[in-house]
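Lettering of chains follows the sequences in order, A, B, ..., and the numbering in each one begins at 1.
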2 protein chains.
Amino acid sequence: MERLEQLKKEFNDISDFLIALGDEKRQSIIITLLQNNSCKGLRVNDLTDATQLSRPAVSHHLKILKQVGLIEMRSEGTKNYYFLSHTTTEIDKLKNLLNHVTTIIEKSEGK
Amino acid sequence: MERLEQLKKEFNDISDFLIALGDEKRQSIIITLLQNNSCKGLRVNDLTDATQLSRPAVSHHLKILKQVGLIEMRSEGTKNYYFLSHTTTEIDKLKNLLNHVTTIIEKSEGK
DNA sequence: TTCATTAGTTTAAATGATTAAACCATTAAA
DNA sequence: TTTAATGGTTTAATCATTTAAACTAATGAA
């Protein structure tokens with residue numbers, strides 16, 4: 001039952017990330033960034049073109065994606081370049097959680 | 001670029017699952033079911049007790065969890081028993097998607 | 001058959017998320 | 001020092017989600 005406490009924490013920890021990933025608008029931003037996944041990065045206006053969203057909407061979603069550590073930003077003067085984070089900490093956490101869950105499910109298989 | 005199309009489909013396919021998993025109320029239902037992961041399953045009233053949610057709220061969330069294939073139901077008379085699905089199809093899909101994404105991110109690492 | 005139990009559904013209210021419009025701040029160029 | 005370009009923020013409106021209250025349906029027991 002100690003493992004259940006651990007699992008509860010893991011779930012709680014990853015909520016924001018799951019919510020961030022679940023939104024289709026944000027998915028299209030992520031996919032656009034994956035398409036242009038050079039070190040250069042993309043600007044807000046590039047993303048409004050690609051995703052059919054207004055600038056405040058893109059800005060809003062970028063903020064959420066940044067908060068969960070999925071993307072990062074680099075400034076050059078007034079120009080901001082957004083790119084997918086090279087560290088995959090949150091993704092790895094989610095993978096671990098999923099493995100945890102499947103392990104428990106499979107263990108009870110024979111009961 | 002063919003892989004990107006594939007990825008787009010995978011994302012689209014998994015949206016509802018991510019949204020279902022991201023909600024904290026639904027997480028507490030999942031955890032309660034994990035705690036009692038025998039073949040027997042739990043009834044709606046068991047879940048209202050454990051999660052501090054009203055019956056219509058639990059019913060609503062169970063419906064969502066059922067739609068994405070995470071849980072299943074078994075009826076005995078008027079009594080309905082809910083339990084975590086033994087097939088982990090959606091979980092496996094999500095794992096694959098995450099592996100896909102990390103592969104792309106890591107590939108561009110050296111650019 | 002009548003009453004109690006179990007649980008899903010519908011509707012309306014409350015809450016929360018998303019968006020556009022307008023505004024502000026910063027940098028770069030003229 | 002103006003002016004243009006870039007982009008974040010705030011506010012208010014819209015839209016979707018969640019919830020509770022009341023209702024309905026079905027089964028099982030008295």
Assert: residue with more 5' nearest nucleotide on DNA chain C, out of A:Ala57 and B:Tyr81, is B:Tyr81
Determine: side-chain N/O of B:Asn80 to OP1/OP2 of C:dG8, distance under 4.0 Å, yes or no. yes
Rounded to the nearest 0.5 Å, what separation is found between the CD atom of B:Glu90 and the CD1 atom of B:Ile14? 5.0 Å
What string of B, S and - do you get for nucleotides 21-30 of chain C 5' to 3' if you count protein non-hydrogen atoms under 4.0 Å? B----BBS--
Check side chain to side chain donor-acceptor pair (under 3.5 Å) between A:Asp13 and all other residues, then give those that pass, not counting sequence neighbours. A:Lys93
For residues 45-65 of chain A, which residue pairs pass the side-chain hydrogen bond (donor to acceptor under 3.5 Å, both in side chains) check, not counting sequence neighbours? A:Arg26-A:His61
Counterpart residues, side chain to side chain donor-acceptor pair (under 3.5 Å), relative to B:Asp92 (two or more places apart): B:Thr88
Pairs meeting criterion salt bridge (Lys or Arg N to Asp or Glu O under 4.0 Å) with involvement of residues 72-87 of chain B, two or more places apart: B:Arg74-B:Glu76
Check the distance between C:dG8's C1' and B:Arg74's CZ and give it to me in whole angstrom. 18 Å
Those residues that, when tested against B:Lys9, pass side-chain contact (heavy atoms from CB on, under 4.5 Å) (two or more places apart): none
First and last nt of DNA chain D near chain B, cut-off under 4.0 Å to heavy atoms, 5' to 3', are D:dT18 to D:dG28
So do the side chains of B:Tyr82 and B:Leu42 get within less than 4.5 Å of each other, counting heavy atoms only? no
Select base, sugar-phosphate, or nothing to describe what B:Ile64 touches, counting heavy atoms under 4.0 Å on all strands. sugar-phosphate
Taking atom P of C:dT6 as reference, at what distance in whole Å does atom CZ of B:Arg43 sit? 6 Å
Which atom pairs link the protein and nucleotides 12-17 of chain C when you take only N or O atoms and keep those under 3.5 Å?
none

Please report the distance, rounded to the nearest Å, between NE2 in B:His61 and C1' in C:dT9. 16 Å
Test side chain to side chain donor-acceptor pair (under 3.5 Å) applied to B:Asn99 - qualifying residues, sequence neighbours left out: A:Lys95
Which residues pass the side chain to side chain donor-acceptor pair (under 3.5 Å) test with A:Asn80, not counting sequence neighbours? A:Ser75
Phosphate oxygens OP1/OP2 of C:dA7: is one of them under 4.0 Å from a side-chain N or O of B:Ser59? no
Using the test side-chain contact (heavy atoms from CB on, under 4.5 Å), find all partners of B:Gln27 that sit at least two apart in sequence or belong to another chain. A:Phe11, A:Ser15, A:Leu18, B:Glu24
